[in-house]
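Working notes for the structure below.
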Amino acid sequence: MILMSHPTGNANVRAIAKGLASKGVLYQFNTTIASFPGNIWFILGRVKPLAEFRRRNFDVLLQPYTKTYPWYELGRAFANKLKLKKLVKHESGKFSVDKIYSNFDKQVAKRLKNAKKNGVTAVYAYEDGALETFREAKKLGLICIYDLPIAYWELGRKLMLEEAIRMPNWAITLGGGIKDSAKKLERKSEELKLADIVIGPGAFVLNSLPEWAKNKKLIQSPFGSPKFIAPISNVQINDKEISKPLRILFVGSMGQRKGLGDLFEAMKIINNSNIELIVLGSLLAPLDFYKNEFPNFKYEAGRSHSEVLLLMQSCDIFCLPSIVEGRALVIQEAMSQGLPIIITPNTGGEDLVIENETGFLVPIRSPEAIAEKINWFFENKSQIAKMGEKAKNHAAKYTWEKYADTIYNALAIKK
């Protein structure tokens, strides 16, 4: 039996928790806030300042397994709404993401003695929220399963520091990756040392591990894709007008970790008014910063997942030239809606590219290569519909059920 924990519960977390529950090997799922139909978090989510809690929805199958620790997360939500920045400041703020993770981790660790008495043999936790859980698990002789959804910190930090030098204007968008304290980085290293099993969504993540960790049991399982949804109009995706401007879509946090600076440079190289760039994501700097870097893009604010998928259908090509990721799920989302892709190997989605069929793979830090592929699509518009259909079919091969089953079968945890 497995005790599982994650503070927020992303799509991949929900999939594996549901999968373990359906197999009868999940003892308990721990998180901060979980919305189920009719429960307190579902009701509070109707209040506009707390609307984000409605998005913490989980399959009803998990309701009897779920234990929540909401107070720090509530504090963070109110501090953000009231613009009390000191309270959510990176690492030091009382309600910072780091404090939420570490407090949550300590609370989960306290439950392990009783969990072992009830048949738990393994704990399943994630980066930054596993240290105390793993320490206690080791004392109790439990297996430590470590899910690493992004490249190991040493590689990520190296690449980000290089970006700060290569594109200094964009350094302000690199976020916590280059600001993490030695204490936080040591915590990440200790978590990996304590892990018996490491799970990653692709080769890029597992290859990023230090040599001393590669003798651990490693499990690779790619994320699942969403379903294709009904088009936004009676015009089907493969009937898009060739005469219209080519629409390139970028979705993600608007920073150089995602390669947005390189995409802007590529658009400058192209310098074609018949090619539009649409950028949807969270601002990591004032909007004026981005407009100064490249004025000719259309900014789209964040929105619900279904609305993002609909926006994807209005575009032609998806481009994500990331410098470091784990496996950017948004790539499969775009493909599922019929968009060919231009991505780097560092997105973690190299297996999604069938060259000249579902899209193109380009090197990191190469605006010239990005520009070349965008121009190819512009000059070969008649190929886009066929490539989009192949992209959609290829993405459909990746399901959340397969993701969970691959991990479950590799773990071989007994009921």
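Just so you know, these numbers come straight off a predicted model, no measurement behind them. What you see below is based on every heavy atom in this structure, not just the backbone, and it leaves out hydrogens, waters and symmetry mates.
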Notebook entry, point to check: So, the side chain of Arg56 versus the backbone of Ser35: is there a donor-acceptor pair under 3.5 Å, distance only?
Noted result: no

Note to self: Is it true that Asp105 and Thr133 share a donor-acceptor pair across their side chains at a distance under 3.5 Å?
What the structure shows: yes

Note to self: With rounding to the nearest 0.5 angstrom, report the OG to CD distance, Ser5 to Gln28.
What the structure shows: 9.5 Å

Checklist line | Stepwise salt bridge (charged side-chain N to carboxylate O under 4.0 Å, His left out) test for Glu211 and Lys214 | finding: CA-CA 5 Å; Glu211 287 302 318; Lys214 290 182 179 177; 3.3 Å; yes

Next item on the list: Mind checking the CG-CG spacing from Asn292 to Asn169? Nearest 0.5 Å is all I need.
Entry: 9.5 Å

Notebook entry, point to check: Can a donor-acceptor pair be found between the side chains of Tyr101 and Thr32 at a distance below 3.5 Å?
Noted result: no

Check: Under a 4.5 Å cut-off applied to non-hydrogen side-chain atoms, are Phe250 and Leu280 in contact?
Finding: no

Next item on the list: Find out whether Trp376 and Gln383 are in side-chain contact, i.e. whether some heavy atom of one side chain is under 4.5 Å from a heavy atom of the other.
Entry: yes

Checklist line | Exam field: side chain Asn30 to backbone His6, donor-acceptor pair closer than 3.5 Å | finding: no

Notebook entry, point to check: Quick one: does NZ or CZ of Arg327 land under 6.0 Å from the six-membered ring centre of Tyr398, within 45 degrees of the ring axis?
Noted result: yes

Note to self: Run the side chain to side chain contact (heavy atoms under 4.5 Å, CB included) test on Leu3 and Leu142 for me, step by step, so that the C-alpha distance in whole Å, both residues' side-chain angles and the decisive distance to 0.1 Å come before the verdict.
What the structure shows: CA-CA 10 Å; Leu3 183 146; Leu142 304 178; over 6 Å; no

Notebook entry, point to check: Atom CG in Leu20, atom CG in Leu411: separation rounded to 0.5 Å?
Noted result: 7.0 Å

Next item on the list: Give the minimum heavy-atom separation between Ala151 and Val205, together with the two atoms involved.
Entry: N-CG2, 3.8 Å

Next item on the list: Assess whether side chain to side chain contact (heavy atoms under 4.5 Å, CB included) is satisfied between Leu287 and Tyr299, documenting all intermediate values.
Entry: CA-CA 9 Å; Leu287 187 58; Tyr299 170 64; 4.0 Å; yes

Check: Charged N to carboxylate O under 4.0 angstrom, Arg365 versus Glu162?
Finding: yes

Notebook entry, point to check: Is atom NZ of Lys291 surrounded by more than 12 heavy atoms (other residues, nucleotides or ligands) closer than 6.0 Å?
Noted result: yes

Checklist line | Salt-bridge contact Glu191-Lys188 (side-chain N to carboxylate O under 4.0 Å) | finding: no

Next item on the list: Keeping the roles fixed (side chain from Thr347, backbone from Gly349), state whether a donor-acceptor pair exists under 3.5 Å.
Entry: yes

Next item on the list: Grab the two heavy atoms, one from Ser253 and one from Leu284, that are nearest each other, plus how far apart they are.
Entry: CB-CD1, 4.1 Å

Check: Can you check whether Gly359's main-chain N or O pairs, donor with acceptor, with Lys373's side chain at less than 3.5 Å?
Finding: no

Check: Are Lys392 and Glu389 within salt-bridge range, i.e. N to O under 4.0 Å?
Finding: yes

Checklist line | Gap between atom OG1 of Thr358 and atom CE of Met387 - 0.5 Å precision | finding: 6.5 Å

Notebook entry, point to check: Does a salt bridge link Glu190 with Arg187, judged by any charged N lying under 4.0 Å from a carboxylate O?
Noted result: no

Note to self: Donor-acceptor check, side chain of Lys217 to backbone of Ala410, threshold 3.5 angstrom: yes or no?
What the structure shows: yes

Check: Is it the case that Asp262 and Gln256 place a side-chain donor and acceptor less than 3.5 Å from each other?
Finding: yes

Check: Are Ile270 and Asn375 close enough that some pair of their side-chain heavy atoms sits under 4.5 Å apart?
Finding: yes

Margin query: Any side-chain to backbone donor/acceptor pair from Asn103 onto Trp71? Under 3.5 Å, distance only.
Written below: no

Next item on the list: Any chance you could measure Ser221, atom OG, to Tyr408, atom OH, to the nearest 0.5 Å?
Entry: 14.5 Å

Notebook entry, point to check: Between Trp170 and Phe264, what is the ring plane arrangement, given parallel below 30°, perpendicular above 60°, and tilted in between?
Noted result: perpendicular

Next item on the list: Determine, using ring centers only, whether Tyr403 and Phe223 are less than 6.0 Å apart.
Entry: yes

Item checked: Minimum side-chain heavy-atom gap Glu333-Leu309 below 4.5 Å -> yes

Note to self: Can a donor-acceptor pair be found, under 3.5 Å and without considering hydrogens, that links the side chain of Asn10 to the backbone of Asn12?
What the structure shows: no

Margin query: Do Val120 and Leu112 have side chains that approach each other closer than 4.5 Å (heavy atoms only, starting at C-beta)?
Written below: no

Next item on the list: Can you see which heavy atom on Val251 is nearest to which on Phe318, and at what distance?
Entry: N-CE1, 3.6 Å

Notebook entry, point to check: Hey, is Arg257 close enough to Glu325 for a salt bridge, meaning N to O under 4.0 Å?
Noted result: yes

Checklist line | Check: Lys193 main-chain N/O paired with Lys216 side-chain donor or acceptor under 3.5 Å | finding: yes

Next item on the list: Please report the shortest heavy-atom distance between Phe29 and Val13, naming the atom on each side.
Entry: CE1-CG1, 3.8 Å

Check: Looking only at atom types and distance, does a side-chain atom of Arg247 sit under 3.5 Å from a main-chain N or O of Pro245, one as donor and one as acceptor?
Finding: no

Next item on the list: State whether the side chain of Glu307 and the backbone N or O of Ser304 hold a donor-acceptor pair below 3.5 Å, judged by distance alone.
Entry: yes

Next item on the list: Measure the spacing between CG of Leu148 and CD1 of Ile199 and express it to the nearest 0.5 Å.
Entry: 10.5 Å

Item checked: Close side-chain approach of Asp98 and Asp128, heavy atoms under 4.5 Å -> no

Notebook entry, point to check: Quick one: does Lys18's side chain get under 4.5 Å of Trp400's, heavy atoms only?
Noted result: no

Margin query: When you measure from the centre of the six-membered ring of Phe95, is the NZ or CZ of Arg76 closer than 6.0 Å and no more than 45° off the axis?
Written below: no

Item checked: Residue pair Tyr126, Tyr124: steps toward the ring pair (Phe, Tyr, Trp, His ring centres under 6.0 Å) verdict -> CA-CA 7 Å; Tyr126 291 74; Tyr124 189 125; 5.7 Å; yes

Check: Does any non-hydrogen side-chain atom of Tyr290 lie less than 4.5 Å from one of Phe297?
Finding: yes

